[in-house]
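Take a look at the structure set out below.
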Protein chains: 2
Amino acid sequence: MTEKARFGRRYLRRRSLDEARDLFLAKAAGGGRAAETVPTVEALGRVTASPSAARHPAPFYHSSAMDGLAVSAADTFGATEEKPVRFHVPGEAAWVDTGDPIPAEKDAVVVSEEIHYREEGQVEIFRPLAPGDNVRVTGQEIATGEMVLPSGWKVGPADVGSLLAAGVTEVEVVARPRVAILPTGSEMIRPGEPLVKGKVVEFNSEIAAALVREAGGAPAIEPPVPDDREKLCSALKEASTGADVVVVLAGSSAGTEDFTPGAIESQGELLVHGVNIAPGKPTALGLVQGCPVIGLPGYPVAMTLSARLFLQPLLRRLLGLAEPIPLTTRAVLPRAVPSRLDSREFIRVRLGRVGGTTYAYSLPRGSAAILSYSRAQGLVSIPEGVEGIPAGREVDVEMLAGLPDLDRTVVLSGSHDLL
Amino acid sequence: MTEKARFGRRYLRRRSLDEARDLFLAKAAGGGRAAETVPTVEALGRVTASPSAARHPAPFYHSSAMDGLAVSAADTFGATEEKPVRFHVPGEAAWVDTGDPIPAEKDAVVVSEEIHYREEGQVEIFRPLAPGDNVRVTGQEIATGEMVLPSGWKVGPADVGSLLAAGVTEVEVVARPRVAILPTGSEMIRPGEPLVKGKVVEFNSEIAAALVREAGGAPAIEPPVPDDREKLCSALKEASTGADVVVVLAGSSAGTEDFTPGAIESQGELLVHGVNIAPGKPTALGLVQGCPVIGLPGYPVAMTLSARLFLQPLLRRLLGLAEPIPLTTRAVLPRAVPSRLDSREFIRVRLGRVGGTTYAYSLPRGSAAILSYSRAQGLVSIPEGVEGIPAGREVDVEMLAGLPDLDRTVVLSGSHDLL
């Protein structure tokens, strides 16, 4: 590497977050979705790829909705407290439990509580029934051929029941997007290996894999690609043939060994290089052989944020899911927070309540400090063009974690404006 | 079964939802938590059972935070635009990439952008640096022995990174509560089996298993127990020795073949039988050999609701997790909704927007109609002692699903008052 090369590559025109995301998602999430068939009992959390139609009605025979006495409703007409109607059992009426078939000639069920027991074989009732009372009629809940779940539906626990109730024992779901994760760098060791000065513990691939799983994708961490332009190009090309999304870790900045943007450009199309967000500026977005490629920054906090902003929304689009509504709470900044004019800054905060007011305490801002991300409960986003927020100002905090140790009186709100 | 037996068993004193839940959770969630050790890379979504301490510092050597030139800060003192300081490279300064060790005698890094290249081996800089500028000092982010994650923390993607950054490759997590699910009844067929009149398709166990998985537990569906008091007693006793929670499906009503409450009572302690909720009244709660037992109603909607109200909160308690903040939206009821005075009623609704107003349309209320639960987006809860809600009234709707097809302008809010 010559000294000159150090002053070489610069960012493409840097883009705002919205601009970068719109440009990328429009091109990257346009293709068809692969589907696979899974047993209904394993479909929890998956997204349907086609509508499911009922195979049989539910219930599939006229059945009793209660424990009681199956009768012909016509025989009960005129019954009152003063003039009860008497039935001989069995014969004029038949005992049924919930779910039992309604015997032929009977069309209503008197519930146990409304029956007066007189003597063996004789009971009385005190009010008339209409045909169908306490009877679940064939197909009452689900008719054969009726749509049980539409396409694009995330399967919840009750949906598993609805499908099985209708005899649908297999369901077509969207295949989990396969995400190839390519760590880059020649100086890496795996977590737990002996520490060698000058080598970096490579854990970004595991954060990325967890973010992929969280969004419903299937991650595969590939062997690290050395800092070599040709090797990165061929790794990128190979990964893009077998995966639905390729993630390249690090090497997307504007430094000497930042080969990712160039490799994307040479193998396909580089759409974005450099986004006006902090942390996260060195993000590269493009396509190789039609496969979306995301070059994430090397610093773990920047990587995590950029993956939340680009990778996870892409995976949700590929699955056919809408963006979740971001949940926010209002909190007061106890100290002024400076911000860079040229970027949308994401400040990690912890929340605390003092005398009925929720405060947002900002955490260390270094983009290497993954522990500060881990400890963050929320993000305060300061738009481009704003120099900072003065102390005492109330701001929106987007919640990250499940509020594990917050005062229970916290109030959340959310509305759908992220995408 | 004699006719007399039909008029036998009645509910224990029926309890309100809060009363039943408090009574049950206080006794059922009191025990210790089993822990297990898992690789950190598989810990996503698990709950830590003990605090994790850093095994090594991060970074573990003084390293460059940027691509640039490692210098001794003292050599830069006095540099200005007019009077730049010149360095011979190598010798007085050394090129470093991000992550490289800082060479001995050097203590700061000038970033590439601030270096003026003069000729081979000579560069200039225009402002002074302080010692430590652009250097990540050993242990700056994490010191050896520092707590990385506390106990009772749900592990997210960034947490996986924090643990690995600190050399913590295994983590102790709370074991998933093992939930034995016992379907009861002599007249059951499995989904997909040929339909036989009088037999019921048994899918409640699969809904229950999905609800258990959703809350972080490990379900095991046991073979169905026939309608026989002795067989249920011995199945209950056996299940309670090998599981952390036992769920008995159906048989907890007040009918002829509802053996569950009696079986719990004979083998242990019956705390609650009958809760003032609709659907869901026939819920039985108790302990057998110290193991929590939940008898859920037989109708699928009642079962699902009761499991949401008793089983899922129990599992979260056993995992050491706080109850999630329930998310609600405000919606107008287009029609009057009647309600029973003696119960807290849960009305399933779908939401729709008409001319800027969100309306909550109530779905069929039958507790057998699982499809109506599946289609519900939210629940409107009408307290005991209230006869109903008039048309046009605005109410809180607790959201169930991910709002898949709702207008994006929906506004959510939530506050922590459920438990």
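Here the structure is a predicted model, which means the values were calculated and not measured. The figures here come from the full heavy-atom set of this structure, side chains too, leaving out hydrogens, waters and symmetry mates. Within every chain, numbering begins at 1; the chains are lettered A, B, ... in the order of the sequence lines, protein sequences first and strands thereafter.
Both the backbone and the side chain of A:Ser162 come within contact range of chain B, with heavy atoms under 4.5 Å apart. Neither the backbone nor the side chain of A:Asp100 comes within less than 4.5 Å of any heavy atom of chain B. For A:Glu202, no part lies under 4.5 angstrom from a heavy atom of chain B. Contacts of A:Ser372 with chain B are absent, with no heavy-atom separation under 4.5 Å from either backbone or side chain.
With hydrogens and angles disregarded, a donor-acceptor distance shorter than 3.5 Å links the side chain of B:Tyr299 to the backbone of A:Ala65. Distance alone, capped at 3.5 Å, places no donor-acceptor pair between the A:Tyr373 side chain and the B:Gly161 backbone.
Counting heavy atoms from C-beta outward, A:Glu141 and B:Ile370 have side chains that stay 4.5 Å or more apart.
Legend: residues meeting side chain to side chain donor-acceptor pair (under 3.5 Å) with B:Arg46, ordered by chain and number and at least two apart, are B:Glu36. With sequence neighbours excluded, the residues forming a side chain to side chain contact (heavy atoms under 4.5 Å, CB included) with B:Pro103 are B:Ala70, B:Ala94, B:Val96, B:Lys106, listed by chain and number.
For the atom pair CG (B:Leu44) and CD1 (A:Ile207), the distance works out to 11.5 Å, reported to the nearest 0.5 Å.
Of the listed residues B:Gln140, B:Arg55, B:His56, the one with more heavy-atom pairs under 4.5 angstrom with chain A than any other is B:His56. In terms of heavy-atom pairs under 4.5 Å with chain A, the best-connected choice from B:Val212, B:Asp159, B:Val160 is B:Asp159.
The pair A:Arg375-B:Glu146 counts as a salt bridge, with a side-chain nitrogen and a carboxylate oxygen less than 4.0 angstrom apart.
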